[in-house]
Each structure stands twice: as C-alpha cells, then as structure tokens.
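Structure record follows, encoded as structure tokens.
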Number of protein chains: 4
Amino acid sequence: MKKIDLDTALRLIDGAKKKALEIKVPMDIAVVDAGNNLVAFQRMDGAWLGSINIAMNKAYTARAFDMETKTLAPFCQPGQPLFGIHASNDGRLIIFPGGIPLKDGNSVIGAIGVSGGSVEQDQVVAEAGVAAL
Amino acid sequence: MKKIDLDTALRLIDGAKKKALEIKVPMDIAVVDAGNNLVAFQRMDGAWLGSINIAMNKAYTARAFDMETKTLAPFCQPGQPLFGIHASNDGRLIIFPGGIPLKDGNSVIGAIGVSGGSVEQDQVVAEAGVAAL
Amino acid sequence: MKKIDLDTALRLIDGAKKKALEIKVPMDIAVVDAGNNLVAFQRMDGAWLGSINIAMNKAYTARAFDMETKTLAPFCQPGQPLFGIHASNDGRLIIFPGGIPLKDGNSVIGAIGVSGGSVEQDQVVAEAGVAAL
Amino acid sequence: MKKIDLDTALRLIDGAKKKALEIKVPMDIAVVDAGNNLVAFQRMDGAWLGSINIAMNKAYTARAFDMETKTLAPFCQPGQPLFGIHASNDGRLIIFPGGIPLKDGNSVIGAIGVSGGSVEQDQVVAEAGVAAL
C-alpha cells in the first residue's frame, strides 16, 4: 500500500500550489498521513494567516472521518444529525469544503487540506493536490 | 510601508474612544500589528468584561482573513459556506461586526477590534479608530 | 477606595514606559483591576512577542495572590511547598519577578505586570509603574 | 529588509534536511516569519510524531524572545530566574536547544525550529538551516 511519505506530501502540495497560482489565490496547504499526523505544510506568500489552522484542520478532519469535509457540511447544520460536531475534537473539525482524504484503492492513507479562498476555490485546489498523488 | 507601532495604535484607540464617548457606550478596544500580535488594548471605564476577549479576537480575526469581521458574518451562518468556522483558530474567530483590517494601500498592516455595545455601535467605533490612522 | 480605572492604568503604564526608555529595554506592560480583569496593555516598539502573554499573566498572578510574583518564586521551586502551581489557573501563573499588586492602604485594587528584559529589569520597570499610582 | 517568504523557508528546510540526512537522524523542521506565524513545516520519514509540536514551538519560542532556545535553557531551570516560564504562552515555549532566530543584520525576521534527535543533533540541524539563509 502507498504511504504518504514526505516526498509524496511535497508532490501533492506542489500540485495544489500550481492550481492556486493558476486561479491567482494564495493558499495554505497541509498534508497528513494515515495516522492523521502532519507531514508537511506550506503557506503561500500572501495567504491568510487564519487559514494556517484551518488548512491543517481540514486535512485532520478528512482523515478523521475518511470523507471529504464538504460531505460533512449538510449533516452538521442546525437541526441535522451531527449539529454541534464542529466543537468536538478540541475544536479541530472543519465542516466545509477543502479537505479530501487520500486513497490507495479503498484504503485511506492520509488527507490534504486547503484554505485561503472561497470554499469552491479551496476545494478545486485540494482536488489538484489529490490529482498529483 | 507604514507599521502599526505603539504610537499609531494608541492614536487609533484614542480615535475610537472619542467616538465611544460621543455615543455614550464604553468600549473595549484592541489593535494588532501585521503579524497579528497585540500592540495595545484599553478597556474604557464600565465596558463589559466579556468584551476584553472579544475585542482582541475581533482584531485577530480581521487580520487573520484581511477583511472586516462583518464581511464574514453572512458566510458563517447555518446553511452558509463557512458555517462552523467560529470554532477554528482555537476559538479566536469572531464573526460579527467590530473588527476592521488596517491598510497601507493594498497591504494589510494590522487590525482594530472593538466590543462593548451593539454590533452597529462596535462597528462605528472601530471605523472611527480606522479614520485616525 | 481608589479604583484602577483606565486613566489610572494608563498613568501607571506611562510611568513604567519612562523607566523602560531610561534603561533602554522595550517592555510589554499590563494593568488589571481589583476583579483581575485587564484594563490596559501596551507593547513598546521592539518588545518581545513572547512577553505579551507573560506581562498580562504577571499582572494576573500578582492580583490572584495579592503578592509580588517575585515573592512566589522561592515557594514554587522543586521540593518547596507550592511546586507545580505554575501549571494551575490554566497556565496563567508566572512565578518570577515583574508582577506587583496595586494597593490603597491595605486593600489590593489591581496589579501591574511587566515583561521584556531580565527579571531584574522587569521588576524595576514594574516598580516605576507602581510609583506612578 | 529580507522577508521569510515561502521560497526562503523551503530553502532553509532543505539545508536542515541535508544535515539531518548526513547525521542519519530524521527530523521535524518548522519555519516562522517575523510575525511568528508558520510559513512551512516538514516531517522527514521516520521522524518522531511528538516532535511535530516541538519543532513548531521551538521556532515560535526563538521568535518570541529573539534568542536561541538553548540560550533560555539555563535561566529556566529550578532555582533559576525564569523557572516556570515553560508553562506560559499557552504551553508553547520550548526551553532547550533546536530553535534559532533568523536575522537580517540586527533585525529578527523569523525563526527555525528542529526536533527529532538529541538536543545537540537538533541544534546542529537547525544551524545548518540558518546557514542556508
């Protein structure tokens, strides 16, 4: 099974950065491994300071539940089954787009998290990172 | 590029206080620099104790995303794209009016945060602080 | 009984800053009131970022126990009666010099905390703040 | 004045990694900018998970006090002037070798933090990172 080693993480971040440059939105980008521990993080010049935490936690969340953070969003709204979950895990869960699990076949081997633009922009940059896997 | 040094921060706070006195609402007022580190804070006599934290975190939030905290508000409501973001950044994000980034041309060089009244009052006092820049 | 209102806090900070300028060590300076809530904080240009937290918490500690933080130091060493106390109060206690309670007669009405140099320098600047009371 | 932008941070991390490979100890390496905000982080394959936090916080500490974390160590021991400081700054201060401020002339423009081996190994790898500046 593939592992998210440092070289792989950096390749994913480079893929994400290329897309971020293309859409002209500087991003914070984080990659975690199968153990949900940070492998690499980069803040592009001019990217939001508040997105350092969010990029890391999008990656954390995607591996925490083995699903895209955008998938969580509808279930976490008021009145929905998981409302309130964002305050669990010591406040580390992010319940909007930009975090995507990394898979080898059906196995989740890590995750990428991107923050710095609109959630649509974050998502497309995260997808570009995954495509580099 | 201008820097938010202590003299500048105190001038902004004085501008904000003048407006707070004018509208007769005592305020907590905080100023951070470009690195999002606190430069100065003042609690006017009679201002809410709970606003000490909120004023500081409004300034933090405005610099964290280089936008007014009031701009964040609609995007962070239930059902909206950033719902749940207020639990990120270790609970330091404030997603209602009263935090404004400080700019030199297009560069964000710091932020001011005001809390102590209605959000409309907080906003107008924060704007008076910015006007003193 | 005197109260540590904002004007008083700012006068104390000015007294402390004058001494800091005299000894040529930029300082972070905080003043709390009788309720141990922050009234004012200033970071002099060039003062340590890590001292923002410490200055505030020296003031907090001095009011928390109504004694100078330097008085606490010997009791908090390994093998001494209060060893370990620095981890209490959510990590807000500082057990070395630079925090001094403010008194009106025998009543503690607040505290000042100074950080940015050696503990001797912090202490002398805090004392200059108290002298301005 | 030089800035610790992303390219610079990655160059420093590469310099540190080269030394880590040479001494055959995988390391966690972090770089912060002048505002003490994380710019980049990398965990080398096999590096300790517990060092993710420590590498980041060594960089944080070195910028927080504009000095090497090894300089802090003797002053923070039991019976010494700063004993207990490690519990301040929300538990983010690391008071042993491996964190070094980055300077442009006399100005501190950021810091590097390294963790993963003995403190001597951490220090030599951090120094190799600084040498790449």
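To find a chain, count down the sequence lines: A is the first, B the second, and so on, and within it residues start at 1.
- Only the side chain of B:Ile52 has a heavy atom closer than 4.5 Å to any heavy atom of chain C.
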Exercise for the section: Test C:Asp45 against B:Lys3 for side-chain contact (heavy atoms from CB on, under 4.5 Å), laying out the working first. Expected result: CA-CA 10 Å; C:Asp45 299 340; B:Lys3 276 187 68 170; over 6 Å; no

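- Counting all heavy atoms, side chain and backbone alike, B:Leu38 lies closest to C:Phe41 at CD2-CD2, 3.6 Å.
- Of the listed residues (C:Asp5, C:Ile13, C:Leu6), the one with the most heavy-atom contacts under 4.5 Å to chain B is C:Leu6.
- For CZ of B:Phe75, the number of neighbouring non-hydrogen atoms (other residues, nucleotides, ligands) closer than 6.0 Å is 12 at most.
- At a 4.5 Å heavy-atom cutoff, the contact between C:Leu49 and chain B is made by side-chain atoms alone.
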Handout entry: Full working for side-chain contact (heavy atoms from CB on, under 4.5 Å) between B:Leu10 and C:Gln42
Key = CA-CA 9 Å; B:Leu10 294 177; C:Gln42 292 182 27; 3.7 Å; yes

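- Within residues 99-128 of chain B, no residue has any heavy atom closer than 4.5 Å to a heavy atom of chain C.
- Judged as a salt bridge (charged side-chain N to carboxylate O under 4.0 Å, His left out), and not counting sequence neighbours, B:Asp28 has no contacts.
- A salt bridge links B:Arg43 with C:Asp33; the closest basic N to acidic carboxylate O contact falls under 4.0 Å.
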